[in-house]
Amino acid sequence: MAEIVENAETQAFVKDITRMSVDFDRWYTDVVRKAELADYTPVRGCMVIRPYGYALWEHIQRAFDDMIKATGHENWYFPLLIPEDLLVKEAEHVEGFTPEVAWVTEAGSHGRLDQRLAIRPTSETIIGTLIRRYIQSHRDLPQLTNQWCNVLRWEMRTRLFLRTAEFLWQEGHTFHATAEEARREVDLILDLYRRLAEEWLAMPVLPGLKSRAETFAGAVYTKSIEAMMLDGLALQAGTSHYFGQNFSRAYDIAFTNRENQREHCYSTSWGISTRLIGGLIMTHGDDTGLVLPPRVAPVQVVVVPIFRDGPARERVRAAIEGWRPEVEAAGVRLKVDWSEDRPGEKYNRWELKGVPLRIEVGPRDLEAGQVTIVDRLTRERRSLPMAGLGPRLRAELEDFQARLFRRALEFRDRHTYELATLAEVVDHFRRGTGFVWAPWCEDPACEIRVKEETGGVTIRNYDPDQPATGGCLVCGRPARRRVVLARSY
RNA sequence: CGGGGAGUAGCGCAGCCCGGUAGCGCACUUGGCUGGGGGCCAAGGGGUCCCGGGUUCAAAUCCCGGCUCCCCGACCA
């Protein structure tokens with residue numbers, strides 16, 4: 001287990017959450033439930049996403065949706081149900097997914113269906129089938145489609161956000177006239193994912209290529225972004241796949257090129273899901289609960305009014321209403337907590353919910369013409385003048401976002417190692433976690449060997465442009481790749 | 001999907017062995033005192049004891065089946 005931020009102060013504050021150092025998995029579940037992000041339901045693997053969690057998703061969604069719109073992509077909606085004969089056309093793809101596909105076999109008074117219908121585990125097959133109608137000429141390309149939807153995969157072990165049977169995601173599916181252009185699309189999206197993770201979620205990631213063993217079913221290659229969680233495990237936070245003509249051949253998605261010849265399209269697909277929320281929690285959280293990056297926090301600044309009696313309450317209210325419009329005009333998502341709870345309870349509740357900044361406004365502040373501001377990371381109290389609060393809070397939030405990213409990056413760096421041999425790797429993962437860079441010859445047998453000897457450590461990904469030096473950690477033959485190894489979610 | 005544990009008020013749990021009026025803490029409601037880090041006093045409300053069968057005069061308790069959650073091992077965004 002990685003080191004955990006813990007001191008007497010934090011211990012005194014938290015009664016509701018299992019401490020990270022005691023049980024990381026329970027800590028995670030406690031945070032998800034106590035922060036009111038999500039909860040269990042009567043159906044295994046299906047969760048209810050509560051308003052605070054859904055608001056988080058909406059901010060992530062908005063950020064990424066804007067990015068893909070700006071790069072020419074369009075949103076569609078494709079059906080939930082996929083006829084069996086259609087699903088099974090791409091052999092490798094089917095083989096990869098059938099173990100976790102759920103089927104609709106009968107319907108109401110209709111009784112048994114002639115052909116069972118799959119509930120989409122992903123939509124390559126249905127989208128391919130439908131999109132071919134709209135592609136005739138190279139002039140119809142590229143088709144840059146995306147949809148925001150739910151999918152269902154019958155998972156064995158489930159965890160809130162990280163691996164649920166039903167989850168929300170975005171799946172992009174694009175069709176191109178040339179391999180070159182499709183490959184560029186895969187890289188473009190991977191970079192948008194990197195930016196979403198780093199700039200919005202303050203979550204540092206390693207973009208790279210997946211090994212053959214970890215490649216998506218039916219893909220020529222898969223690229224991913226990999227993040228490090230606070231327990232040192234890797235989280236695959238987004239994937240972007242290049243299919244070449246695999247799907248286009250299976251589903252006959254073709255166009256007439258400039259030479260008047262019929263040619264199959266080159267396609268890609270890519271996705272991020274509500275899993276990102278799990279990643280967010282495990283990247284920034286602490287023993288007192290969530291810590292949210294301002295750019296996606298549903299509430300960026302919470303205001304706790306302090307007063308003793310009616311008149312004092314009124315003065316505090318007037319002061320807050322005085323600067324509130326300016327703050328909101330500055331684009332700050334502000335919440336004033338007028339609930340009847342005591343201030344201490346409010347502090348704890350909003351810290352648990354990860355709100356970046358808290359403002360306290362009481363009689364002492366009014367006299368001084370200031371507010372008290374407390375930071376979720378440092379818990380330091382400072383005073384800010386009421387005048388000019390809008391721009392000032394904007395700046396504070398930007399600073400908070402930057403500090404959060406820096407903190408996560410430093411954590412990752414502290415838990416990243418460079419090792420040369422299998423023996424060292426086995427020894428390392430016997431005692432700890434984290435990322436380990438190591439040289440690899442690219443032989444799948446060596447990859448399997450690593451997984452077996454370490455009990456589950458896998459190659460997360462690698463930079464295909466980066467040269468490797470030395471000998472393979474397993475067989476000693478000249479290395480072709482410098483790969484990152486980790487246990488993963 | 002195999003091995004282990006759990007499900008009783010919103011939450012955390014006791015009661016179950018040894019069948020007989022369903023309990024405790026927190027939360028909740030009302031009133032008062034309070035209010036800058038989870039406050040105090042008083043009075044209240046709240047239960048398909050996970051679901052379905054069985055045994056019994058009688059089941060939270062015993063038996064059988066199922067569902068969900070947690071932990072440990074094989075597949076996965």
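In the text below, chain A, chain B and the rest are named by the order of the sequence lines, each starting its count at 1.
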Visitor: Rounded to the nearest Å, what distance is computed from the CG atom of residue Asn150(A) to the P atom of nucleotide A77(B)?
Guide: 18 Å

Visitor: G46(B) and A59(B): how far apart are their C1' atoms, nearest whole angstrom?
Guide: 24 Å

Visitor: C1' atom, A74(B) versus G20(B): distance in rounded Å?
Guide: 48 Å

Visitor: Taking atom P of C70(B) as reference, at what distance in whole Å does atom CG of Asp23(A) sit?
Guide: 12 Å

Visitor: Can you tell me how far C1' in C57(B) sits from the matching atom in C41(B), rounded to whole Å?
Guide: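 Looking at atom C1' only, C57(B) and C41(B) are 48 Å apart.
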
Visitor: Verify whether the ring centers belonging to Tyr193(A) and Phe64(A) lie closer than 6.0 Å.
Guide: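 For Tyr193(A) and Phe64(A), the ring centres are under 6.0 Å apart.
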
Visitor: Please identify which of these residues, Val32(A), Thr274(A), Ile49(A), meets the side-chain contact (heavy atoms from CB on, under 4.5 Å) condition with Leu37(A).
Guide: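 Among Val32(A), Thr274(A), Ile49(A), the one meeting side-chain contact (heavy atoms from CB on, under 4.5 Å) with Leu37(A) is Val32(A).
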
Visitor: Between G15(B) and G23(B), how many Å separate the two P atoms, rounded to a whole number?
Guide: 16 Å

Visitor: At less than 4.0 Å, is any side-chain N or O atom of Arg44(A) found next to OP1 or OP2 of C69(B)? Yes or no.
Guide: yes

Visitor: Nearest whole Å is fine: how far is C70(B) C1' from Arg157(A) CZ?
Guide: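 To the nearest whole Å, that distance equals 10 Å.
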
Visitor: Would you indicate what Arg313(A) reaches in the nucleic acid, counting non-hydrogen atoms under 4.0 angstrom: base, sugar-phosphate, or nothing?
Guide: nothing

Visitor: Checking contacts here: which listed nucleotide (C71(B), G35(B), C69(B)) is nearest the side-chain heavy atoms of Thr158(A)?
Guide: C69(B)

Visitor: How many Å lie between CZ on Arg33(A) and C1' on C70(B), as a whole number?
Guide: 11 Å

Visitor: Can you tell me the base-pairing partner of U68(B)? Count Watson-Crick or G-U wobble geometry only, both distances below 3.5 Å, and say none if there is no partner.
Guide: A6(B)

Visitor: Taking the ring centre of each residue, are Phe97(A) and Phe216(A) less than 6.0 Å apart?
Guide: yes

Visitor: Within the 4.0 Å heavy-atom criterion, would you say Pro99(A) contacts the bases, only the backbone, or no part of the nucleic acid?
Guide: nothing

Visitor: Under 4.0 Å, heavy atoms only, any strand: does Gly45(A) hit a base, just the sugar-phosphate, or nothing?
Guide: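 If one applies the 4.0 Å heavy-atom cut-off, Gly45(A) turns out to touch the sugar-phosphate alone, with no base involved.
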
Visitor: Looking at Arg342(A), I'd like to know whether one of its side-chain N or O atoms comes within less than 4.0 Å of OP1 or OP2 on G39(B).
Guide: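 So the side-chain polar atoms of Arg342(A) do come within 4.0 Å of the phosphate oxygens OP1 or OP2 of G39(B), strictly under.
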
Visitor: Sticking with atom C1', work out how far G39(B) lies from C26(B), rounded to a whole angstrom.
Guide: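 That atom pair is separated by 14 Å.
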
Visitor: Give me the distance, rounded to whole Å, that separates A6(B) from A60(B) when you measure between the C1' atoms they each carry.
Guide: 15 Å

Visitor: Which is true for Arg381(A) with a 4.0 Å heavy-atom rule: it touches a base, it touches only sugar-phosphate, or it touches nothing?
Guide: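 Base contact.
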
Visitor: Report which part of the nucleic acid Ser224(A) touches: base, sugar-phosphate, or nothing (heavy-atom distance under 4.0 Å, all strands).
Guide: nothing

Visitor: P atom, A77(B) versus G2(B): distance in rounded Å?
Guide: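 Taking atom P in both A77(B) and G2(B), they lie 23 Å apart.
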
Visitor: Using the side-chain heavy atoms of Tyr40(A), tell me which of these nucleotides is nearest: C70(B), A77(B), G36(B).
Guide: C70(B)

Visitor: Taking CZ from Arg308(A) and P from G39(B), how many angstroms apart are they, rounded to a whole number?
Guide: 16 Å

Visitor: With centres under 5.5 Å and planes under 30°, do Tyr347(A) and G38(B) count as stacked?
Guide: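 Ring-base stacking flag not set for Tyr347(A) and G38(B).
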
Visitor: Does any nucleotide pair with C16(B) by Watson-Crick or G-U wobble geometry, both distances under 3.5 Å, and what is it?
Guide: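 Paired with C16(B), as far as the under-3.5 Å criterion goes, is no nucleotide at all.
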
Visitor: Which nucleotide sits closest to the side chain of Ile306(A): G35(B), G37(B), A77(B)?
Guide: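 Of all the options, the side chain of Ile306(A) is nearest to G35(B).
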
Visitor: Take atom CZ in Arg62(A); do more than 12 heavy atoms of anything else shown fall under 6.0 Å from it?
Guide: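 Incorrect, the count does not exceed 12.
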
Visitor: Hey, can you tell me if Phe167(A) and Trp169(A) have their rings parallel, tilted or perpendicular (30° and 60° cut-offs)?
Guide: perpendicular

Visitor: Using atom CE of Met156(A) as one end and atom C1' of C1(B) as the other, report the distance to the nearest whole Å.
Guide: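 For the pair Met156(A) CE and C1(B) C1', the rounded distance is 5 Å.
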
Visitor: Starting at CD1 of Ile225(A), measure out to CG of Asn461(A) and round the result to the nearest 0.5 Å.
Guide: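 The distance works out to 10.0 Å.
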
Visitor: Go ahead and name the base partner of G45(B); Watson-Crick or wobble counts if both distances stay under 3.5 Å, otherwise write none.
Guide: none

Visitor: Which whole number of Å gives the distance between the P atom of C24(B) and that of C64(B)?
Guide: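 The answer is 33 Å between these two P atoms.
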
Visitor: Both conditions, 6.0 Å and 45 degrees, for the charged tip of Arg481(A) above the ring of Trp440(A): are they met here?
Guide: no

Visitor: Taking CG from Asn348(A) and P from A27(B), how many angstroms apart are they, rounded to a whole number?
Guide: 13 Å

Visitor: Could you identify the nucleotide paired to G37(B), looking across every strand shown and requiring Watson-Crick or G-U wobble geometry with both distances under 3.5 Å?
Guide: none

Visitor: Starting at atom CD of Glu214(A), determine the distance to atom C1' of A77(B), rounded to an integer number of angstrom.
Guide: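 Atom-to-atom, Glu214(A) to A77(B), this comes out as 12 Å.
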
Visitor: Indicate, with a heavy-atom threshold strictly under 4.0 Å, whether Asp25(A) touches base, sugar-phosphate, or nothing.
Guide: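 The answer is sugar-phosphate, as Asp25(A) gets under 4.0 Å only of primed atoms, P, OP1 or OP2.
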
Visitor: Nearest nucleotide by nearest heavy atom, which residue falls closer to the 5' end of RNA chain B, Thr164(A) or Glu345(A)?
Guide: Glu345(A)

Visitor: Regarding Arg358(A) and the six-membered ring of Tyr347(A), is the cationic atom NZ or CZ under 6.0 Å from the ring centre and inside 45° of its axis?
Guide: yes

Visitor: What is the base-pairing partner of C75(B), counting Watson-Crick and G-U wobble geometry with both distances under 3.5 Å?
Guide: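 Across all strands, not a single nucleotide pairs with C75(B).
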
Visitor: Would you classify Phe307(A) as touching base, sugar-phosphate or nothing, given that sugar-phosphate means primed atoms plus P, OP1 and OP2, and contacts are heavy atoms under 4.0 Å?
Guide: base

Visitor: Ignoring hydrogens and angles, answer whether the base of G36(B) and the side-chain atoms of Asp365(A) contain a donor-acceptor pair closer than 3.5 Å.
Guide: yes

Visitor: Partner of C11(B) by Watson-Crick or G-U wobble geometry, both contacts under 3.5 Å, or none?
Guide: G25(B)

Visitor: If you assign each of Phe216(A) and Gly362(A) to its closest nucleotide in RNA chain B, which residue comes earlier from the 5' end?
Guide: Gly362(A)

Visitor: Under 4.0 angstrom, heavy atoms only, what part of the nucleic acid is Arg349(A) near: base, sugar-phosphate, or nothing?
Guide: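 Since no nucleic acid heavy atom lies under 4.0 Å of Arg349(A), the category is nothing.
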
Visitor: Looking for any heavy atom pair under 4.0 Å, which part of the strands does Gly271(A) touch: base, sugar-phosphate only, or nothing?
Guide: nothing

